[in-house]
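Everything below concerns the one structure shown next.
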Amino acid sequence: MVRLGSSWQLLSLAFTFRTSEFRNRVPAYQIPSIPRSIPIDPLPKSSMSVPSLSEGALLKICQGDNVDKPILQVLGLKKLANQNSSSDRYRVFVSDGQYSNSFSMLATQMNDKIINGSLVNFCLIRANNYVCNKSDNRKVIILYDVDVLTQPGQVSSTIGEPTTLNPDGTVNSTNAKKPASVKRAAESDVGPPMAKRSPLTTPNGNQSAPKSSILDPRPVYSSSGAGSFDPSQVSVHPIASLTPYQNKWTIKARVTHKSDIRRWNNSRGEGHLFSMDLLDESGEIRATAFKEQCDKYYNVVEVGKLYYVTSCSLKAANKQYSTLNNEYEMTFRDSTEVIPCNEDASNIPTITFNFVKIKDLAAASKDSVVDVMGICKEALDATTLTSQRTQKEFTKRDIRLVDNSCNEVNLTLWGQTAETFDGANNPVVVVKNCKVSDYNGVSLSALSSSVIQINPDMPQAHSLKGWFESEGQSAQTQSLTQLGARGGADGSIGSNLKTLGEVKIENLGMSSEGKPEFYSTSAYIVMLQKDRALYKACNRVNDGKACNKKVVDQGNDQYRCEKCNSQLDGFTWRIVLSFSIADSTDNTWVTCFQEQAETILNKTAEELGALYDQDQDGYNKVFQAATFKHYDLRLSCKAEHYNDEQKVRHTVRSVVPINYDDYKQRLIKDLESAGIEIPDKLSKGSYL
DNA sequence: CCCCCCCC
């Protein structure tokens, strides 16, 4: 009964389909899942009657005709091998009673109908929304929205004797039935007027399709004919159907994001590029234009507008750098064209937001990507910094957002966005795709993929503005971003709280190349390196900043600083302290500098230098006294190379004597979450 | 062919 050829597997390899879920940008409180109980589609009142199939619909669809809501029978379902996709995909064998087609796919948002048992073999469906896509030489029908018209078991056999369509959507002359009933596209009375045929646009010959009058493929726009673009000649493909294996296609999509032009210069060469995000009914994809294409199209493309885009190269998207819901990304090539589209755009979605209330950011996991809307309560000035890591200069600006959850959060803007931001008159700021960071508690950081809108004309924005003007600006609010809230500069125990054993097991600091990772811990100092703890430093002040680089003692009260390239009469003592910290799980050697070292040794660098010169015994006692003290520490760690060997260096960023109230509360919580009951005699209540 | 998103 169900005819499953070996091509099932082939198709599953060539075909990819993505869900409309936004993967990789799912905070902890928003876990996508398939609902467990889904109501079965409402049935017609006369539930025992079986509607007629739309005979011939599948052939028409494969020829490009638009058949309105055809009624089809499901003859088979096959779950495809899950290729790292977040959701199962089903291939459907469908029949219209006259023809059957084994190259149909069920959009994943329809999966619930299979899971709840309503979409079963032999059932009848109405395809409310579908597309027919040409993938290589195959016609693939994607069923976006179907209603199941029969109850399970109501129909238990194949209706009619359908002829299987060829993979390319054609039918062989020997088994073609009732061809007269199949109208030519141009004569069709359903759907929009179709394009005229041209012999030049039938590229694939008719080897497998002798009955050419019926079986000619639809005209396909050829980008080789410069300036020949005619939207009416074009078969528009859904973004979700694009794969690297197709050469010629056109999408009709809205630009939801456009990056600045960025320049690069590395070992592989130099150049410049911009990228944009494209959205249609079926999905989204990022497109990048390099060099000539960047110059050609940067000014053509406007955010929010619709374009036909043709013939880019597709390659696997690097999910590390994109939160877009697509396995692929596009690269412009010479033959790519981007043509503004002024047609009706009602079916092309506009950018959508999935706003998270500021209050709820406290529960969002670090590095998740969220959309936020808030009133800009304050905008600090833009400042210029130099990255320690890359030595590149960049601009940043912190702004403070508040919403009607009466919570505030800092959002950091970067680069051009930071420079041009205008926070005057408390604008509504909408930001799509910003990163949740644990800096100073909870804060937000814009990404290059962030879309920022100021005072957008949206109902929620107007209502937020109204709230702020009427009550918000004088309301009692609380900020999630504050020093010390979670791992702040005051050293209070903070976010990313780890035991030393966890830090090692998790290889903290090893993953992100050269970029420090921060963590907090409570530990004892068990051993200090007292030799080489001091160095003589350059005391020159340049631009208000001390040089502090190590100087060479010339022996005649003269010191040489290579950094400043100068001879000095004096120096200042500075401390670089190495010590080992331990908790019940492990121990770690860490480094700390001047300020934190002075806290730990309870001496200033100058005092310690004097002891070093004049009182060896006193110097040693300073280190003895510092041993076996218990601290709350904030550390950063990153991998560094020491001749071929990779080691993680841990640096103390802040240190305060342990807060035992906090510490015992954490221990009690840990014990309880491990399922251990706290005996009553410990009067837990007094601790919590 | 980029892939930086920086601050502690």
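Just so it is clear: chains get the letters A, B, ... in the order the sequence lines come, proteins before strands, and each one is counted from 1. Note that this is a predicted model, so its numbers are computed, not measured.
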Tell me whether the count of non-hydrogen atoms from other residues, nucleotides or ligands lying under 6.0 Å of CG in A/Asn602 goes above 12. no

Does A/Asn318 put a side-chain nitrogen or oxygen below 4.0 Å from OP1 or OP2 of B/dC2? no

Looking for any heavy atom pair under 4.0 Å, which part of the strands does A/Arg268 touch: base, sugar-phosphate only, or nothing? sugar-phosphate

Closest-nucleotide ordering on DNA chain B, the 5'-leading residue of A/Lys396 and A/Tyr321: A/Tyr321

Side-chain N or O of A/Arg263 closer than 4.0 Å to phosphate OP1/OP2 of B/dC4: no

Winner on side-chain proximity to A/Lys515, out of B/dC6, B/dC3, B/dC7, is B/dC6

With the side chain of A/Lys315 defined as its heavy atoms from C-beta on, choose the nearest nucleotide among B/dC7, B/dC2, B/dC4. B/dC2

Among B/dC8, B/dC6, B/dC2, the one nearest A/Arg653 by side-chain distance: B/dC8

Would you mind classifying the nucleic acid contact of A/Asp398 as base, sugar-phosphate or nothing, using non-hydrogen atoms under 4.0 angstrom? nothing

Compare the aromatic ring of A/Trp414 with the six-membered base ring of B/dC5 and state whether they stack according to the 5.5 Å and 30° rule. no

Atom CG of A/Leu385 and atom C1' of B/dC8: how far apart are they, to the nearest Å? 12 Å

Choosing from B/dC7, B/dC1, B/dC8, which nucleotide comes nearest the side chain of A/Thr412? B/dC7

Whole-Å distance, A/Leu411 CG to B/dC6 P, equals 12 Å

Spacing of A/Glu595 atom CD relative to B/dC8 atom P, expressed in whole Å: 12 Å

Proximity to the side chain of A/Ser445 - top-ranked nucleotide from B/dC2, B/dC1, B/dC7: B/dC7

Between A/Phe394 (CZ) and B/dC7 (P), how many Å, whole number? 6 Å

Ring centres within less than 5.5 Å and planes less than 30° apart: is that true of A/Trp264 and B/dC4 in this structure? no

Rounded to whole angstrom units, what separation is found between the CG atom of A/Asp367 and the P atom of B/dC6? 9 Å

Give A/Thr288 one of three labels, base, sugar-phosphate or nothing, depending on what nucleic acid heavy atoms sit under 4.0 Å from its own. base

Taking CD from A/Glu393 and C1' from B/dC6, how many angstroms apart are they, rounded to a whole number? 12 Å

Checking B/dC8, B/dC4, B/dC2 against the side chain of A/Arg634 (C-beta onward), the nearest is B/dC8

Verdict with supporting geometry, A/Arg666 and A/Ser522, side-chain hydrogen bond (donor to acceptor under 3.5 Å, both in side chains): CA-CA 11 Å; A/Arg666 292 202 316 269; A/Ser522 298; 2.8 Å; yes

Polar pair under 3.5 Å, donor/acceptor by atom type, side chain A/Glu270, base B/dC2: no

Among A/Leu242, A/Asp277, A/Ile285, whose side-chain contact (heavy atoms from CB on, under 4.5 Å) with A/Asn326 holds? A/Ile285

Is the terminal nitrogen or CZ of A/Lys258 (NZ for Lys, CZ for Arg) located under 6.0 angstrom from the six-membered ring centre of A/Tyr298 and within 45° of that ring's axis? yes

Per A/Ser448 side chain, nearest of listed nucleotides B/dC6, B/dC4, B/dC2: B/dC4

Once you round it to whole Å, what is the distance between P of B/dC8 and CZ of A/Phe593? 13 Å

For residues 262-271 of chain A, tabulate all N or O donor-acceptor pairs below 3.5 Å that involve a side-chain atom, not counting sequence neighbours.
unit_1: A/Trp264; atom_1: NE1; unit_2: A/Gly269; atom_2: O; d: 3.4
unit_1: A/Asn266; atom_1: OD1; unit_2: A/Arg268; atom_2: N; d: 2.9
unit_1: A/Asn266; atom_1: OD1; unit_2: A/Gly269; atom_2: N; d: 3.3

Go through B/dC6, B/dC3, B/dC8 for me and flag the one nearest to the A/Tyr439 side chain. B/dC8

To the nearest Å, how far apart are A/Lys392 NZ and B/dC5 P? 9 Å

To check you understand the geometry: which heavy-atom pair defines the closest contact between A/Ile600 and A/Ala626, and what is its length? O-CB, 3.5 Å

Which is true for A/Glu329 with a 4.0 Å heavy-atom rule: it touches a base, it touches only sugar-phosphate, or it touches nothing? base

